[in-house]
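Take a look at the structure set out below.
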Amino acid sequence: MGRYNLVSALVVLTVAALGAFSAPAANYFWSSWTDGKAKITQKNGKDGEFSVKWSGDKGNFVIGKGWNTGSDREVVYSGTFEPVGNGYLAVYGWTTNPLVEYYIIEKYGNHKPSDNPEAKMKQNMTSDGSIYEIMTKKRVNKPSIQGTATFDQFWSIRVDQRVGGTVNTGNHFKAWAENGLKMGRHNYMIVAVEGQDSSGEASITVGVPPAPAPAATVAPST
């Protein structure tokens, strides 16, 4: 199947299943989903750029840019992420057969995903300069890329939170497998901003690393 037809098929699937809009931007796949309650203003910028502002402290949305097929790759990104309440900045995606929704959390708002009685913690891993806590959770009759369904969520939660850097997705996929968490065939994978019953704003660029920190100045000796 050609690139145009593949992306078109993904657009139809996502719109039908989730009420989302998805389309390619330059060499990146753009995805936007909302439950219809979230009040958001979003911008699909050039290349890997996107931004979103949200308000009203209600509703759920997930938007971002990445690839129409997930894979082992070094995901580079930079930007800002400023939630007021519950929000996530993550490498986010889905697999099918089995149906799995996954998050590699880089930063979160006032709710840590593992602070949930349904969370099942697994063995931690280390990647890209930080420990990540691994957990899984079952979702029952919830929205998915295949309509309302029951499926597992896989999570890696970065302990040393950050906005910007490199995420080696293959390290996480391997660690999940070693913890007995089986993924399926990759669907899309994006750098995503998610808001849940909150407000905030974010501006992210996929494919551009953070600017280096300015060099420390040393006072001349006297």
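Starting from 1, each residue takes its place in the sequence as its number. Please read all numbers here as calculations on a predicted model, not as lab measurements.
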Where Val163 and Gly79 come nearest, the two heavy atoms and their spacing: CG1-O, 3.3 Å
Ile63 CD1 to Lys43 NZ distance, which is reported to the nearest 0.5 Å: 12.5 Å
Nearest heavy atoms of Ser31 and Ile190, plus distance in Å: CB-CD1, 4.2 Å
Side-chain donor or acceptor of Lys65 paired with backbone N/O of Asp47 under 3.5 Å: yes
Beyond-backbone contact of Ile157 with Tyr132, side-chain heavy atoms, under 4.5 angstrom: no
Any donor-acceptor N or O pair under 3.5 Å, side chains Thr136, Gln153: no
Verdict with supporting geometry, Asn168 and Ser127, side chain to side chain donor-acceptor pair (under 3.5 Å): CA-CA 7 Å; Asn168 289 275; Ser127 183; 4.6 Å; no
Test item: Asp35 side-chain N/O and Gly59 main-chain N/O as donor-acceptor pair under 3.5 Å: no
CA sep, side-chain torsions, deciding dist, call: Ile204, Glu49, side-chain contact (heavy atoms from CB on, under 4.5 Å): CA-CA 6 Å; Ile204 301 297; Glu49 298 175 359; over 6 Å; no
Ser198 (side chain) donor-acceptor with Gly85 (main chain) under 3.5 angstrom: no
Considering all heavy atoms, the nearest Phe81-Gly87 contact: CZ-C, 3.7 Å
Enclosure of Asn97 CG (heavy-atom neighbours >12, cutoff 6.0 Å): no
side-chain contact (heavy atoms from CB on, under 4.5 Å) evaluation trace for Ser114 with Met121: CA-CA 8 Å; Ser114 57; Met121 305 306 298; 3.7 Å; yes
Ring geometry between Phe173 and His186 (parallel below 30°, tilted from 30 to 60°, perpendicular above 60°): tilted
Backbone N/O of Asn68 and side chain of Asn187: donor-acceptor pair under 3.5 Å: no
Residue pair Trp94, Leu99: steps toward the side-chain contact (heavy atoms from CB on, under 4.5 Å) verdict: CA-CA 7 Å; Trp94 290 86; Leu99 183 63; 3.8 Å; yes
Sub-4.5 Å side-chain heavy-atom contact between Pro83 and Trp54: yes
Spacing of Met135 atom CE and Leu181 atom CG [to the nearest 0.5 Å]: 10.5 Å
Chi angles and distances behind the side-chain contact (heavy atoms from CB on, under 4.5 Å) call for Lys142, Phe151: CA-CA 8 Å; Lys142 298 297 183 181; Phe151 52 91; 4.1 Å; yes
Shortest non-hydrogen separation from Tyr28 to Gly207 and the atoms involved: OH-CA, 3.4 Å
Pairs flagged by salt bridge (charged side-chain N to carboxylate O under 4.0 Å, His left out) wherever residues 84-105 is involved - sequence neighbours left out: none
Test side-chain contact (heavy atoms from CB on, under 4.5 Å) applied to Ala177 - qualifying residues, sequence neighbours left out: none
Listed once per pair and sorted, the salt bridge (charged side-chain N to carboxylate O under 4.0 Å, His left out) pairs that draw on residues 108-122, sequence neighbours left out: Lys112-Glu133
Main-chain N/O of Pro98 paired to Thr95 side chain as donor or acceptor, under 3.5 Å: yes
Distance (rounded to the nearest 0.5 Å) between Asn171 CG and Asp128 CG: 6.5 Å
Stepwise ring pair (Phe, Tyr, Trp, His ring centres under 6.0 Å) test for Phe61 and Trp33: CA-CA 6 Å; Phe61 73 89; Trp33 172 84; 8.8 Å; no
Neighbour count >12 (heavy atoms, 6.0 Å) for atom NZ, Lys39: no
Minimum side-chain heavy-atom gap Val159-Gln161 below 4.5 Å: no
Main-chain N/O of Ser71 paired with Thr169 side-chain donor or acceptor, under 3.5 Å: yes
Val75 side chain near Trp67 side chain, heavy-atom distance below 4.5 Å: yes
No-hydrogen, no-angle side-chain donor-acceptor test under 3.5 Å, Trp176 and Ser156: yes
Separation of His111 NE2 from Asn86 CG (nearest 0.5 Å): 5.5 Å
Nearest non-hydrogen partners of Asn141 and Thr150, listed with the distance: N-OG1, 3.3 Å
Salt bridge (charged side-chain N to carboxylate O under 4.0 Å, His left out) partners of residues 194-210, not counting sequence neighbours, each pair once: none
Atom NZ of Lys53 with >12 non-hydrogen neighbours under 6.0 angstrom: no
Main-chain N/O of Gly164 paired to Tyr77 side chain as donor or acceptor, under 3.5 Å: yes
Parallel, tilted or perpendicular: rings of Tyr88 and Trp155 (30°, 60°): perpendicular
Test ring-ring contact (aromatic ring centres under 6.0 Å, His included) applied to Tyr92 and Tyr102, Tyr103, Phe154, the passing residue: Tyr103
Over all atoms of both residues, closest heavy-atom pair of Leu89 and Val191: CD1-CG1, 4.3 Å
Residues in salt bridge (charged side-chain N to carboxylate O under 4.0 Å, His left out) contact with Arg162, at least two apart in sequence or another chain: Glu106
Pairs involving residues 143-160, ordered by first then second residue, that meet salt bridge (charged side-chain N to carboxylate O under 4.0 Å, His left out) (sequence neighbours left out): Lys138-Asp152
From CD1 (Ile40) to OG (Ser199), nearest 0.5 Å: 12.5 Å
Matching residue for Met125 among Ile131, Ile134, Asn179 - test: side-chain contact (heavy atoms from CB on, under 4.5 Å): Ile134
